[in-house]
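Counting starts at 1 for both ligands and their atoms, following the listed order.
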Amino acid sequence: MDGRPHFLMTDPGHYDVSYQINPWMKPQDWTPQRLAQAKASAGALKAALEDAGAAVEMVEAAAGLPDLVFPANAAVVLDGRVLLARFRYPERQGEEAVFRAAFKDLRRRGLVDKIVDLPPGMFHEGAGDAIWDADRKVFWAGFGPRSSRQALPVIAQVFGREVVGLELASDRFYHLDTCFCPLAGGKLLYYPPAFTPAAQADIRARVPQAQRIEASDADAAAFCVNAVNIGARIVMARAPDALKARLSARGYHVIEVDLDPFILSGGAAYCMTLRLDRTSTPTANLLAAE
Ligand code: ARG
């Protein structure tokens with residue numbers, strides 16, 4: 001890797017909303033015309049990332065796997081190591097083989113190093129439920145609706161890093177990335193009602209009040225917490241003015257992309273991407289040094 005942030009995205013050519021595995025998905029609202037909008041949206045997101053200095057690797061679309069457009073759920077990636085996901089719902093389990101092949105290809109190309117399988121008997125939906133906090137050097141890991149609690153010690157062992165478990169309390173915010181977004185500099189954008197009282201207390205214990213930015217109901221429903229942060233830039237779905245003002249007052253610059261076709265499936269900027277180049281220490285990425 002060349003020092004640029006590297007992301008994985010998926011070609012949206014076979015995207016649609018044809019089943020319902022979360023409350024945002026409304027197959028009856030899907031029309032074929034929306035595919036063209038989805039392609040434009042995904043293209044705009046890719047352009048926004050590249051404009052922020054990132055490189056984007058693409059996975060090919062696969063017929064019958066519409067949610068392949070959400071590669072955040074494919075794996076947890078840190079220090080060149082890839083822990084492959086296991087999806088809870090049969091509707092998405094076909095994605096596992098496609099992503100495995102995609103990671104093998106990335107490994108051949110030297111963009112990742114090691115591919116690891118989750119032990120049997122548990123689910124885990126990748127970086128959607130295990131978010132690396134580059135300032136605190138811990139994984140924050142959501143569990144409940146999709147990922148199993150038993151997967152947390154596996155993540156800790158595979159990556160040799162502390163994992164802070166956060167139980168998710170709402171089926172509307174079913175992946176951690178819908179309600180929790182660490183920002184460069186140690187701030188945290190998050191939506192407290194998505195968490196159990198115990199998880200809220202764990203967040204408050206580790207993130208001082210001055211660093212917590214609480215998303216409103218409107219911010220969370222607009223999928224603005226599901227954002228990609230690159231330095232001072234935060235790339236997100238169309239955002240309420242109040243949120244933009246609050247983030248800009250803290251020194252961040254919000255870049256909005258119309259992601260409505262993907263919000264119709266319960267996803268937005270963060271989960272349409274997977275960061276490949278995260279390292280736990282400045283020297284940990286041996287691949288980069290090669
Ligand atoms: N329709 C997809 C699902 O329910 C959306 C996934 C969005 N991913 C995410 N990490 N938030 O699985």
Kindly indicate whether the side chain of His253, heavy atoms from C-beta on, has any atom under 4.5 Å from the side chain of Ile255. yes
Counting only heavy atoms, tell me which of Arg92, Met25, Gln20, Arg88 gets closest to atom 6 (C) of ligand 1. Arg92
Output, in order, the C-alpha distance, side-chain angles, deciding distance and verdict of side chain to side chain contact (heavy atoms under 4.5 Å, CB included) for Arg136 and Val207. CA-CA 9 Å; Arg136 295 177 185 81; Val207 184; 3.5 Å; yes
So which of Arg233, Lys244, Arg238 actually passes salt bridge (Lys or Arg N to Asp or Glu O under 4.0 Å) with Glu256? Lys244
Below the 3.5 angstrom mark, is there an N/O of Thr178, backbone or side chain, next to an N/O of ligand 1? no
Atoms of ligand 1, numbered as shown, that sit under 4.0 Å from any heavy atom of Asp67: 1 (N), 2 (C), 3 (C)
Note: Asp129, heavy atoms under 4.0 Å from ligand 1, region reported as neither
Contact with ligand 1 for Arg146, non-hydrogen, under 4.0 angstrom: yes
Atom 9 (C) of ligand 1: the protein heavy-atom neighbour that sits closest, reported with distance to 0.1 Å: His175 ND1, 2.9 Å
for atom 8 (N) of ligand 1, nearest protein heavy atom and its distance come out as Asn73 OD1, 3.0 Å
At what distance, to the nearest 0.5 angstrom, does CG of Asp67 lie from OH of Tyr89? 12.0 Å
Using a 4.0 Å cutoff against the non-hydrogen atoms of Asp177, which atoms of ligand 1 qualify? 9 (C), 10 (N), 11 (N)
Whether Tyr174 lies under 4.0 Å from ligand 1, heavy atom: yes
Donor-acceptor pair, side chain of Asp219 and main chain of Ser216, under 3.5 angstrom: yes
Sorted by chain and number, sequence neighbours left out, ring-ring contact (aromatic ring centres under 6.0 Å, His included) with Phe123 holds for none
Quick one: side-chain hydrogen bond (donor to acceptor under 3.5 Å, both in side chains) partners of Asp11, sequence neighbours excluded? none
Element-labelled atoms of ligand 1 that are located less than 4.0 Å from some non-hydrogen atom of Gly128: 10 (N)
